[in-house]
There are 2 protein chains.
Amino acid sequence: MQPKQILREHVAKIATLTDEEFDNFFSRFELQSFKKGQTIIAAGDSVRREYFVLSGCLKSFYINDDLKMFILQFAMPTWWTSDFNALYSGEKATISVDCITDAEVLSLTNESREALCREIHQAEHFFRWRTNKGYVASQKRLLSMMNNDVKHRYEELMAQYPELYQIVPKQLIAAYLGVSRETLSRLHH
Amino acid sequence: MQPKQILREHVAKIATLTDEEFDNFFSRFELQSFKKGQTIIAAGDSVRREYFVLSGCLKSFYINDDLKMFILQFAMPTWWTSDFNALYSGEKATISVDCITDAEVLSLTNESREALCREIHQAEHFFRWRTNKGYVASQKRLLSMMNNDVKHRYEELMAQYPELYQIVPKQLIAAYLGVSRETLSRLHH
DNA sequence: ATGAAAATGTGATCTACATCACAATGCGCT
DNA sequence: AGCGCATTGTGATGTAGATCACATTTTCAT
């Protein structure tokens with residue numbers, strides 16, 4: 001399927017845009033391809049863009065002072081990712097984004113998003129709902145983090161995204177669950 | 001200050017509404033008063049409203065199967081709270097909300113919010129930004145949860161909201177930090 | 001003011017998970 | 001095909017924080 005069509009169907013789930021409106025909407029995006037391992041946002045960068053994944057798998061992550069990595073999100077097709085804090089506030093990135101597999105994305109600058117939201121009421125509606133879903137998901141994950149042990153969180157993740165098991169090295173799954181790779185490896189006993 | 005004025009100034013930080021638009025906006029809210037200890041949303045309820053705090057302090061929380069409580073948010077004046085997942089999806093509440101102190105709120109139904117967002121583009125803009133801030137804050141807290149130990153998280157919280165120390169029993173602070181009250185109590189050694 | 005209930009402090013013990021060390025296995029690259 | 005590096009498994013040991021038990025202090029309603 002064409003990038004334009006993928007985005008169109010994704011947006012149509014939430015917002016109603018006329019063909020002309022969607023042409024305008026889509027025209028602000030830039031198609032980009034990345035190779036496995038390539039960095040899209042590095043900590044310290046200025047962040048100008050957010051990314052809509054067409055194919056492949058990205059990760060957004062934080063690295064602490066001890067060089068330990070924590071994964072915020074595995075971004076699969078039709079997911080959005082960026083360092084949203086940096087993107088909206090203008091601060092430098094503290095979250096990095098890179099490619100777990102080869103990937104194709106549609107990228108949108110902060111200015112373009114805000115212009116679209118101004119020009120097209122339904123675009124603002126779309127982005128409100130998108131963020132809403134992210135917010136609710138983030139709160140659920142926070143609760144799961146506080147409430148459940150590693151085994152439970154692992155099974156939850158695998159039930160929700162079984163495809164991750166194939167694509168993503170286990171140490172990255174550990175970094176998502178907030179656990180050491182050794183402990184994750186011992187879970188099967 | 002009047003409720004209307006408090007909300008007006010809060011909204012003005014993000015969105016530009018004409019006086020007539022704001023009159024319409026404000027007219028959808030209902031002023032409600034609650035006593036300390038009173039429940040606003042109980043787990044299992046249908047959730048029809050979200051709440052803008054004028055005075056006092058609410059908490060939103062989850063209680064697990066072992067009856068252990070986890071606090072998602074202390075809602076202070078000008079904060080918004082509800083079980084947003086239930087509110088948007090129509091599912092029953094899994095998050096409860098009650099009053100840590102006597103409180104005054106402005107409440108808004110889901111239908112009224114959506115109507116306002118349809119009628120007033122800038123209202124949709126406002127709610128997009130509000131949710132956005134919540135999303136970014138939630139991600140930061142998730143990272144802090146994974147990255148930092150209890151002592152660090154406690155100091156972070158006290159630095160950001162020193163007033164909580166006076167208002168909120170320590171066991172509730174423990175429930176926010178995701179730690180037992182005993183461990184929190186031992187932090188001062 | 002006073003008694004009951006709630007909140008807090010503190011010791012002893014237990015446990016999930018981290019960390020370190022190293023072996024085994026898998027996998028991309030020329 | 002085979003070298004080299006990244007990934008995974010697994011044992012031994014360490015530790016932050018949980019849990020249980022009970023004493024002490026604070027708060028609140030009458």
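Every chain is numbered from 1 and lettered A, B, ... according to where its sequence line falls, protein lines coming before strand lines.
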Next on the checklist: Whether B:D83 and B:K92 form a salt bridge (side-chain N of Lys/Arg under 4.0 Å from carboxylate O of Asp/Glu) is what I want to check.
Outcome noted: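 Looking at B:K92 and B:D83, the cut-off is not met.
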Check [X] against [Y] and note the closest heavy-atom contact, atom names and distance.
| X | Y | answer |
| --- | --- | --- |
| A:I41 | A:I95 | CG2-O, 3.7 Å |
| B:A103 | B:C57 | CB-N, 4.5 Å |
| A:S27 | A:N24 | OG-O, 2.6 Å |
| A:L72 | A:Y176 | O-CE1, 3.8 Å |

Checklist entry - Applying salt bridge (charged side-chain N to carboxylate O under 4.0 Å, His left out), which residue pairs with at least one partner in residues 120-136 of chain A are found, sequence neighbours left out? => result A:E50-A:R130, A:E124-B:R128, A:R128-B:E114, A:R128-B:E124
Item to check | Pairs satisfying salt bridge (charged side-chain N to carboxylate O under 4.0 Å, His left out), at least one member in residues 145-156 of chain A, at least two apart | outcome: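 Qualifying pairs: none.
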Checklist outcome for this item: Expected string for nucleotides 17-30 of chain C under the B/S/- scheme (protein heavy atoms, under 4.0 Å, primed atoms plus P, OP1, OP2 as sugar-phosphate) is SBBB----------
So how far is it from [X] [atom1] to [Y] [atom2], rounded to the nearest 0.5 Å?
| X | Y | atom1 | atom2 | answer |
| --- | --- | --- | --- | --- |
| A:K170 | A:Y154 | NZ | OH | 5.0 Å |
| B:L143 | B:R141 | CG | CZ | 12.5 Å |
| A:F26 | A:Q2 | CZ | CD | 8.5 Å |

Next on the checklist: Would you say the rings of B:F25 and B:F29 are close, in the sense that their centroids are separated by under 6.0 Å?
Outcome noted: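 Distance test on ring centres: under 6.0 Å, yes.
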Checklist entry - So what is the end-to-end bend of the helix from C:dA1-D:dT30 to C:dT30-D:dA1, with 5 pairs used at each end and the value given to 10 degrees? => result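 Axis-to-axis angle, ends of the helix: 60°.
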Checklist entry - Earliest and latest nucleotide of DNA chain D, 5' to 3', sitting under 4.0 Å from a non-hydrogen atom of chain B? => result D:dG17 to D:dC28
Checklist entry - Would you call the rings of A:F127 and A:W80 parallel, tilted or perpendicular if under 30° counts as parallel and over 60° as perpendicular? => result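 Plane angle over 60°, so perpendicular.
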Checklist entry - Which of residues 167-175 of chain A have a heavy atom under 4.0 Å from DNA chain D? => result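 Only A:P169, A:K170, A:Q171 qualify.
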